[in-house]
Novice: 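What follows is a single structure, and I will ask about it in a moment.
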Amino acid sequence: MEENSLMQLQNKSYLSEFLSKLFDRLNSENITYCILRNYVRLPEDIGNDVDMWVDKKDWGKFHHSVKDVAYALNYTLNYTPRLTVKGEGNYFLSKFVNEKLQVIHIDSWAYLHWKGLCFINESVIGKYLKWNERGFFIPSPGVEASINLLKELIYHGRIKEKYKEKIKEYALKDSAIFLECVKKSFGRKTSLFIFECAQNGDWQMLEKNYIRLRIVLFLRGLLSPFSQFIKFFYYSRAQVRRFFTSPYGLFIVLIGPDGSGKSTTSKNLIESEIKKLFQKKLYFHGHFPFLPELRKIVAFLRGKKIDMKDITNPASSKPMGFWRSMIYPIYYGVNYFLGHFFIWKEKARAGLIVFDRYFYDYMIQNIYANCPRWLLYVIASLIPKPDIVIYLKNRPEVIFSRKPELTIDEIKRQSEICENLVKKLKNCYVVQTNSEDETLIQIQNIIIKRR
């Protein structure tokens, strides 16, 4: 217990060191910036991320400042641009501290917008910056209230519960600046509507009218056609760039004999610090959910009930007949093929996609032993290719002791197939599963180097 507490304190000190040095650098460079919200425990504790606004004239200097501090403190930096000026976007910084991965995510903005439509007048933010005694700038209460209200409302159609009381308090406390922030984007009448709902805490009314607010935002944007066209151009260009250039997400597949810890490792991975390197996380067990389970269809047509355990755990079954052993890979091969667009889209959105069972299981599982190997390799060539394949390796006796569902001979057979797959598949890595912590650290290292 004391060791864990000491480690947490050491990790916090590393976070504090980076952010303190970054703030010192930004202050010394006279960069106009502020921490938009959730700054109470900075720099010791960052929560999920650090939301920052930086004046567009300073984006070049800001970008170089983050890179320089990351380099000086030996952090690996991954930068995901957003839409407008160079330097705006997401900064993912990572390094191992005491064999634990530390990730700092800085979400930085120049324009607070939705699809190129600015919902906050960014020129107001810089006018009313306040100095925080912890060594950085924060927005005025009116600016903070307007951002916390509209960022969630315009993007998602709802307001986060944790911000509601502060929005109400700050809107009342700093009403003139609140209105100044939103008036340019929404006009006087709609701005007063937003303000009155905020000061009265009428969140339901705001959430009910979020589509209307989007429409007003669009129509008001047309009043400045040239500048709005430029913003739409930047937004569209960014969308094309993120979908047709190098994606920022990652598609990972785990393979190994049954009992090697694929499901446990997958869940540990997506709940670890590594998730902060990505905008979202997606976990799949077996295959994509585009097509219904084949066995369910057969059972329905026969009017019989089916044991779900038998669906999800076919490993101990005897080999299917020749024709039946081909139907399953072909049917689910179509399901995997349909995942091309999904994988492409989610990787472009900086998503982490993890499969603890993938199509390669048809090559490994004894139940499909009668299926021609050439057919499986043909289908495998047509489905989405993982960016990383992790083979979870251990001695058959160890795997058997952890999960004695298969015989040691069957585990050996599956292990040999996995060894052959490692030689044939691209971007395949072997990870020894001596302990959950060691396994996780090895995979985290692979991900960081791959990104």
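Because only heavy atoms are used, hydrogens play no part in the values below, and waters and symmetry mates are left out as well, while side chains stay in. We're numbering straight along the sequence, starting at 1.
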Novice: Would a distance-only check, ignoring hydrogens and angles, find a side-chain to backbone donor-acceptor pair under 3.5 Å from Tyr79 to Lys67?
Specialist: no

Novice: Might you confirm whether atom CZ of Phe232 has over 12 heavy atoms from other residues, nucleotides or ligands at distances under 6.0 Å?
Specialist: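 Yes, because the 6.0 Å sphere around CZ of Phe232 holds more than 12 heavy atoms from other groups.
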
Novice: Please name the residue in the list Trp344, Tyr358, Phe278 that meets the ring-ring contact (aromatic ring centres under 6.0 Å, His included) test with Phe251.
Specialist: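 Testing Phe251 for a ring-ring contact (aromatic ring centres under 6.0 Å, His included) against Trp344, Tyr358, Phe278 leaves exactly one candidate, Tyr358.
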
Novice: Quick check: Trp131 with Phe137 (ring centres under 6.0 Å apart)?
Specialist: yes

Novice: If the threshold is 4.0 Å, N to carboxylate O, is there a salt bridge linking Lys168 and Glu165?
Specialist: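 Not counted as a salt bridge, because no side-chain N and carboxylate O are separated by less than 4.0 Å.
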
Novice: Is it true that Lys21 and Glu17 make a salt bridge, defined as a side-chain N closer than 4.0 Å to a carboxylate O?
Specialist: no

Novice: Can you tell me which residue pairs pass the salt bridge (Lys or Arg N to Asp or Glu O under 4.0 Å) test with a partner in residues 179-192, sequence neighbours excluded?
Specialist: Lys127-Glu180

Novice: With ring centroids as reference points, do Tyr210 and His156 lie under 6.0 angstrom apart?
Specialist: no

Novice: So how far is it from Asn268 CG to Thr439 OG1, rounded to the nearest 0.5 Å?
Specialist: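 One gets 9.0 Å once the value is rounded to the nearest 0.5 Å.
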
Novice: Which residue pairs pass the salt bridge (Lys or Arg N to Asp or Glu O under 4.0 Å) test when at least one of the two sits in residues 267-292, sequence neighbours left out?
Specialist: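 As it turns out, the salt bridge (Lys or Arg N to Asp or Glu O under 4.0 Å) pairs with a partner in residues 267-292, which skip direct neighbours, are Glu271-Lys275, Glu271-Lys281, Glu273-Lys276, Lys280-Glu346.
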
Novice: Compile the donor-acceptor pairs under 3.5 Å between side chains in residues 424-432 and protein atoms, sequence neighbours left out, one pair per line.
Specialist:
residue : atom : partner : partner atom : Å
Lys424  : NZ   : Tyr377  : OH           : 3.2
Asn427  : ND2  : Asp387  : O            : 3.4

Novice: Indicate the ring-plane relationship of His287 and Tyr336, choosing parallel, tilted or perpendicular according to the 30° and 60° boundaries.
Specialist: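 His287 and Tyr336: perpendicular rings.
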
Novice: Tell me, yes or no, whether the heavy-atom count around Lys57 atom NZ, taken from other residues, nucleotides or ligands under 6.0 Å, exceeds 12.
Specialist: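 Enclosed: over 12 neighbouring heavy atoms sit under 6.0 Å from NZ of Lys57.
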
Novice: Under the salt bridge (Lys or Arg N to Asp or Glu O under 4.0 Å) definition, can you give me all pairs with a residue in residues 328-341, not counting sequence neighbours?
Specialist: none

Novice: Relative to the ring of His285, is the ring of Tyr283 parallel (under 30°), tilted (30 to 60°) or perpendicular (over 60°)?
Specialist: tilted

Novice: Determine whether the side chains of Ser435 and Asp437 contain a donor N or O and an acceptor N or O closer than 3.5 Å.
Specialist: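 No pair is found: no donor N or O on one side chain lies under 3.5 Å from an acceptor on the other.
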
Novice: Please set out all donor-acceptor pairs under 3.5 angstrom arising from side-chain atoms of residues 192-205, sequence neighbours excluded.
Specialist:
residue : atom : partner : partner atom : Å
Asn200  : ND2  : Glu196  : O            : 2.9
Asp202  : OD1  : Met205  : N            : 3.3
Trp203  : NE1  : Gly201  : O            : 3.4

Novice: A quick test of your reading: do over 12 heavy atoms of other residues, nucleotides or ligands sit less than 6.0 Å from CZ of Arg212?
Specialist: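 Counting other residues, nucleotides and ligands, CZ of Arg212 exceeds 12 neighbours.
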
Novice: Considering all heavy atoms of both residues, which atom of Phe284 and which atom of Pro289 are nearest to each other, and what is their separation?
Specialist: CE2-CD, 3.7 Å

Novice: Listing request: all salt bridge (Lys or Arg N to Asp or Glu O under 4.0 Å) pairs with a residue in residues 145-159, at least two apart in sequence or in separate chains.
Specialist: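 Matches after skipping sequence neighbours: Arg37-Glu152.
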
Novice: Using the rule given for side chain to side chain contact (heavy atoms under 4.5 Å, CB included), can you reason through Phe186 versus Leu150, listing the C-alpha separation, both sets of side-chain angles and the distance that settles it, and then say yes or no?
Specialist: CA-CA 11 Å; Phe186 294 95; Leu150 290 170; 3.8 Å; yes

Novice: Has Glu436 got more than 12 heavy atoms of other residues, nucleotides or ligands less than 6.0 Å from its CD?
Specialist: no

Novice: Is the count of non-hydrogen atoms from other residues, nucleotides or ligands lying under 6.0 Å from Lys130 atom NZ greater than 12?
Specialist: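 No, NZ of Lys130 has 12 or fewer neighbouring heavy atoms, counting only those of other groups under 6.0 Å.
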
Novice: Could you tell me how the ring of Phe290 sits relative to the ring of Phe288: parallel (under 30°), tilted (30 to 60°) or perpendicular (over 60°)?
Specialist: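 Ring orientation, 0 to 90° scale: parallel.
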
Novice: For Tyr75, is the NZ or CZ atom of Lys95 found under 6.0 angstrom from the centre of its six-membered ring and inside 45 degrees of the ring axis?
Specialist: yes

Novice: Verify whether one side chain among Tyr33 and Asn27 offers a donor that lies under 3.5 Å from an acceptor in the other.
Specialist: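 Short answer, yes.
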
Novice: Please say whether more than 12 non-hydrogen atoms of neighbouring residues, nucleotides or ligands are located less than 6.0 Å from CZ in Phe337.
Specialist: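 Atom CZ in Phe337 is not packed in, count stays at 12 or less.
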
Novice: Would you please say whether a donor-acceptor pair under 3.5 Å links the side chains of Glu144 and Tyr163?
Specialist: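 Side chains of Glu144 and Tyr163: no pair found under 3.5 Å.
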
Novice: For the residue pair Tyr362 and Tyr368, does the interplanar ring angle fall in the parallel (under 30°), tilted (30 to 60°) or perpendicular (over 60°) class?
Specialist: perpendicular

